[in-house]
Asks: 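First, the structure itself, so that you have it in front of you.
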Amino acid sequence: MPLLAFVIVHLLVALALVFVARRNTRAAFLVAAVPPAAALGWVLAKSGPVLSGQAIDEVVEWAPAIGLELAFRLDALGVLMTVLVAGIGALVLVYSAWYFQRDSGDARRSGPLLLTFAAAMLGLVLADDLITVYVFWELTTICSFLLVGQAGVSRESRRSAMQALMITSLGGLVMLLGFVVLGEAAGTFRISALVAHPPAGPQVAVAAVLILVGAFTKSAQIPFHNWLPAAMVAPTPISAYLHAASMVKAGVFLVARLAPVFVGVVQWWLPTVLFGLATMLVGGWRAMFETDLKKLLAYGTVSQLGFIMVLVGAGTPTAAMAGATMLLAHGMFKGTLFLVVGIVDHNAGTRDVRELSGLGRKVPWVNGVAWLAAVSMAGVPPTLGFLGKEAAFTAYLRHEWVLAGLVAGSMLTVAYTARLLWGAFSTKPGVAPTEVKPVGPGLLLPTAVPAVVGVVLGVVYGVPDYLAATYASQLGNTTYHLALWHGVNVVLVCTALALVGGALLHVVRFRLAAFRRDLPRPLDAQRGYERVMGLLERVAVGVTGRLQVGSLPTYVGIILLTVLAVPGTALVLNSSVPEDLRFFDNLLQVPLAIVVVVAAVAALRSHRRLTAVLMVGVVGYGIGGLFIVDGGPDLALAQFLVETLTLVAFVFVLRRLPAHFSTGETTLRLPKMLIAAAAGTFIAFAALIFSSARQVPPISHSYLAQAEEGAGATNVVNSIIVDFRAFDTVGEISVLAVAATGVASLILASRFERRKRSTRATAVVRQPKQKEEVRD
């Protein structure tokens, strides 16, 4: 089971790194890079057979009785995502060994957490079961929360981590509901089975919308995009891995994985195209005016994720090829650019474009690496980004409005790419040259590898073409192939428009900035998020203030109303009274029942507290009598003991309470009477229905047969408690022990507090006497 084994090894090494990082953080990061590198090597070694159609499947039965299993599958899309998750992950971990200050708190935390995150992402991209996908999906959310928040020292990091957690986890819950709807509609939760036999019907449309909500929140699509720029408070290596190459890819990966299932479903492809285009344009527009290099890359990532969403959600082979190519290209160039910004920030002490000047000449190697990645992001030949954009334009040649949106978004991409290079490395008039420390190979080499790979794969385009075409074959056959030259055609004109238009936008950037300042801003995602959270807080305070009023009758009434509204309604609508209903089996049950009813009414009518307690005790003793009549003397004995102890406890408590109830407490108000009567009727009716609904022989027959022979007991009740259900008994004893410990602690704390107050009072009384003695 190599696929699951790699995930487990990642987690075990991450656990060991907690101890390694205490001694040497650099060694911890370097050790952490080994499992992702090994996973990448193994996957690349198996990629030949996998891409030829021999996918690797693994199934680990988790709970076979209810059909739960951990299913994994390595196919073309899995190979592509493993290159990003494991490849970029290993490089980021090596980079981190020289980025973080040695033996700092951030370094000790980040190594184990990054490797744990890599394990969760690896499990996510290899999962072949919807429930398995959800498990790893939420693990990535938790790891992201911990990595963005770090130690939680600053208010900004805590707020950003909580925002990312709230948005992505709520989207994940909606997505889980979509998984359930889709799995129930298809009769299976296996993704490979869903792709082979896509379900149909109205449930599929509902599932498509619900799943897209989760994908949009994870991949920062409008209107959920604001959490990604806010998460830039995390250290740069974490941003490079989570928010460029890995976590934010989870949403578009899920759309790409399930695209063959929802081919032709309007509720699937139309939202991905519309929201993807809007996200591409808004993210690109915002990136053009950012002064923080990380924020610029963050909004650029939002824009590129929208671009990829348009491609992977379309459901056509050519668009799927373009989407797979852009997934790979984006991981390469954006991972490099984040690491470049980390070098600039780490060695120059700032990443503000208004303060940086002359770095291109002082760190030429970093400048060259940044250019290699930037031209791929802009779509300049002969890079992998160029191949992906040409495929994207080709996929939408017959949809002019989408093509126009993609070209406009690509112009913005070129514009903010130029702003990035200008802001980081150019010599700006009027700005003093920035001092920068020498850049060592520990930071430079991991940064350069993805950029070089992006160019190499653009030249040797047969490799990404084979990979993307294998994935796209699930959606149908296509004659399109990646190439550096397709002749003079509309696609080439679109590419030229994007490059020239983007360059012109960069030239007039100051005029655009002035124009942007004059624009009204009726909609703001961050302000909307803050208002929604504020509204939720106010609603929570209002509901809590009205429900948590410190009244036990109110709490019981709410619980009973909930029971009546949910299971009570279902019971009334779907149940009927048994035909063989008898009012009693033994004549003695009649007087005992009368005694119980009369005592209950008397307890309600009592004015004295002691009388009410005694009547409640009579109810309990009457029920014990019913147990005896029904042949349960052991139950009756337990009932009698409990009632006796309860009466004794009540008597001790009643000594400190008034003898009579207050006037309000004895008034039988109509709402309370109706709730109590309805709840009692429901419970009686439910007990009657449930006891008559048995369809298999009761387990008690087995207990009776095995009690004497298997447990050596002639009392079957004792045998059940001690032998057959011993774990239940141990659990109940544990609960009682915990409760007793809590009660004892409260008593001791109360005594200690009284003794403390008594000591203080004695000291206050003695203080004047001591002063008089001093005067004498």
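Remember, predicted model here, so these are calculated numbers, not experimental data.
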Asks: In terms of the angle between their ring planes, are His486 and Tyr480 parallel, tilted or perpendicular, with boundaries placed at 30° and 60°?
Replies: parallel
Asks: Nearest heavy-atom pair of Leu337 and Ala374: which atoms, and what distance?
Replies: CD2-N, 4.3 Å
Asks: So which of Gln304, His330, Met309 actually passes side chain to side chain contact (heavy atoms under 4.5 Å, CB included) with Val252?
Replies: Met309
Asks: Given side chain to side chain donor-acceptor pair (under 3.5 Å), test Thr217 with Thr168 step by step and report yes or no.
Replies: CA-CA 5 Å; Thr217 56; Thr168 56; over 6 Å; no
Asks: Given 3.5 Å as the limit, does a donor-acceptor pair link the side chain of Thr336 with the main chain of Ala451, or not?
Replies: yes
Asks: Would you please name every residue forming a salt bridge (Lys or Arg N to Asp or Glu O under 4.0 Å) with Asp129, sequence neighbours left out?
Replies: none
Asks: Could you tell me whether a side-chain N or O of Thr279 sits under 3.5 Å from a main-chain N or O of Gln221, the two making a donor and an acceptor?
Replies: no
Asks: Regarding Glu138 and Ser169, is there a side-chain donor-to-acceptor distance under 3.5 Å anywhere?
Replies: no
Asks: For the backbone of Val310 and the side chain of Tyr396, can you confirm whether one donor and one acceptor N or O come within less than 3.5 Å of each other?
Replies: yes
Asks: Looking at Trp422, does the NZ or CZ of Lys428 lie under 6.0 angstrom from its six-membered ring centre and within 45 degrees of the ring axis?
Replies: yes
Asks: So, for Val133 and Ala127, which heavy atoms are closest and what is the spacing to 0.1 Å?
Replies: CG2-CB, 3.6 Å
Asks: Report the C-alpha distance between Phe189 and Phe179 in whole Å, list the side-chain angles of each, state the deciding distance to 0.1 Å, and finish with yes or no for ring-ring contact (aromatic ring centres under 6.0 Å, His included).
Replies: CA-CA 8 Å; Phe189 287 85; Phe179 284 170; 8.4 Å; no
Asks: Could you walk me through whether Tyr241 and Phe117 pass ring-ring contact (aromatic ring centres under 6.0 Å, His included), step by step?
Replies: CA-CA 10 Å; Tyr241 191 33; Phe117 176 83; 5.5 Å; yes
Asks: Give a yes or no answer on whether the side chain of Thr140 reaches the backbone of Trp137 with a donor-acceptor pair at less than 3.5 Å.
Replies: yes
Asks: Does Thr325 reach the main-chain N or O of Met321 with its side chain, forming a donor-acceptor pair under 3.5 Å?
Replies: yes
Asks: Taking the basic N atoms (NZ, or NE/NH1/NH2) and the acidic carboxylate oxygens, is any pair closer than 4.0 Å for Asp352 and Arg354?
Replies: yes
Asks: Ignoring hydrogens and geometry, is there a side-chain-to-backbone donor-acceptor pair from His481 to Tyr466 under 3.5 Å?
Replies: no
Asks: Indicate the atoms forming the closest heavy-atom contact of Ser239 with Met232, along with that distance.
Replies: OG-SD, 3.9 Å
Asks: Quick check against the 3.5 Å criterion: does Asp128 have a side-chain atom that pairs as donor or acceptor with the backbone of Ala71?
Replies: no
Asks: Check whether any side-chain N or O of Lys294 sits under 3.5 Å from a backbone N or O of Ala234 as a donor-acceptor pair, and report yes or no.
Replies: yes
Asks: Backbone N or O of Met377 within a donor-acceptor pair of the Lys389 side chain at under 3.5 Å?
Replies: yes
Asks: Tell me if a side-chain donor or acceptor on Ser160 pairs with a main-chain N or O of Ala230 at a distance below 3.5 Å.
Replies: yes
